[in-house]
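All values below come from the heavy atoms of this structure, side chains included, with hydrogens, waters and symmetry mates left out. Numbering of ligands and ligand atoms starts at 1, following listing order.
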Amino acid sequence: MNGVLQNKKILLAVTGSIAAYKSALLARMLQRHGAEVRIVMTPSAASFVTPLTFSTLTDHPVSVHMMEGDQWNNHVELGLWADLLLIAPLTANTMAKMASGLADNMVGAVYLSAKCPVFVAPAMDLDMWKHPATQRNLVQLQRDGVTYIPVEHGLLASGLSGDGRMAEPQHIVDFLIRHFSEEPALIGKKILLTAGPTKEPIDPVRFLSNHSTGTMGKALAHALLQKGAEVHLVLGPVCDRTAIAPQINTYPVSTAQEMFEQATFLFPSMDAAIMAAAVADYTPARYSDAKIKKAGDDLQLPLQRTKDIAAALGKAKKKGQYLVGFALETEEEEKNARTKLHKKNMDLIVLNSLREEGAGFGTSTNKVTLLYPDGTQKNIPLKSKREIAVDIVDALLALTDWGTAE
Ligand code: CTP
């Protein structure tokens, strides 16, 4: 296979997670793409997969210890040899060491010596992944210039299910290929993105909201960033505001009105806007300063319409600006989505169907249809939200004269 990984010198660092067994496959795949692969491992990784496996695969010795017999393993040389350092899997422990610059084993020493781009594919259990310390360390690594290959969702070694799985080897390879092959087509472009739910307060203890977790929006933010865009993310109150790359300008908002104000303020200086937020259509007509006490068998809660952000941007849109919206429908899906596309003066609408298995709120996958004002459409099969985000960004690019996608 020829391509961007051809003749690339890839130093694959393996740390002590059960996902280490996948690194053997990863090494093989990288070799099939023409890369020259060398391996370093932490001592605990060597308990999961033997260095012999990797030395056989790569036809080179594998460094595990800084000192072996009377030999000193030259981490500086290895760090300088590499065109790319890929740490996969990356455990919470090694991540913490990297974030604070510790070098008590080969992987840490190589990381500090490497002058090449560094990529990490974390792997850990759900709670370890979500821990604020881990998320803080991840942000620190990104600040230090490390590229994060997103974790995936699924069954974990502990038996729990959730985020924290190392990206599948094929996804890691795809990620690297995309990273190195792409002309960053969005360099110099400012993109506004709304994401997450909104929260409409009723009284000091209650609110109206919806099931949006902002997963699709965050995936879009990273896909835009990867293509070089300056991303402005207006983010509703999602539980998990972590794992958002520090390069993304994030504006936390809570209510539909706050989201409206922030988005309309930013839009005039933007090249495009993607409206992925699930904005409340109604908000309580009056906020009660005191907690509403129960009285009687039922309660009438008068609601009033919120402002439609997408419609406002569609109206304000100037030549050369693009607007992408989402539609979540349960019936007459296409017809309703097309109505929204025209009414809000959008250039593209992404139709989500709640009826599709594996699509919608809180899932890591999605199945969408892209609808265009000229009546055409493109069906995208069930994929991870991360992959769909890339497709949506490519579709936006294809609308513009900014550069070609792919
Ligand atoms: N949207 C918005 N501001 C609102 C409501 C919706 O910006 N107040 C945007 C959403 O982010 C999405 C698109 O408009 O990109 C369509 O949202 P959706 O909730 O599906 O449609 P609505 O226009 O609210 O229509 P309805 O709820 O009647 O289906």
Checklist entry - Counting distance only, does the side-chain N/O of Asn105 pair as donor-acceptor with the main-chain N or O of Pro43 below 3.5 Å? => result no
Checklist entry - Within the distance-only criterion (no hydrogens, no angle test), does the side chain of Ser17 pair as donor or acceptor with the backbone N or O of Thr91 below 3.5 angstrom? => result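 No, the answer is negative, given that no donor and acceptor are paired below the 3.5 Å cut-off.
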Item to check | With Lys340 via side chain to side chain donor-acceptor pair (under 3.5 Å) - residues at least two apart | outcome: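 If we apply the side chain to side chain donor-acceptor pair (under 3.5 Å) test to Lys340, skipping adjacent residues, the hits are Glu329.
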Next on the checklist: For a quick check: using heavy atoms under 4.0 Å, what are the residues in contact with ligand 1, sorted by chain and number?
Outcome noted: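 Correct list: Met275, Ala277, Val279, Asp281, Thr306, Lys307, Asp308, Ile309, Ala310, Gly325, Phe326, Ala327, Leu328, Lys340, Lys344.
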Checklist entry - Is there a salt bridge (Lys or Arg N to Asp or Glu O under 4.0 Å) between Asp391 and Lys378 once you walk through the steps? => result CA-CA 11 Å; Asp391 290 344; Lys378 186 176 174 196; over 6 Å; no
Item to check | Positive for ring pair (Phe, Tyr, Trp, His ring centres under 6.0 Å) with Tyr322, one of Phe267, Tyr372, Trp402 | outcome: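 Result for ring pair (Phe, Tyr, Trp, His ring centres under 6.0 Å) with Tyr322: Trp402.
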Item to check | Pair His179 + Phe119: ring centers closer than 6.0 Å | outcome: yes
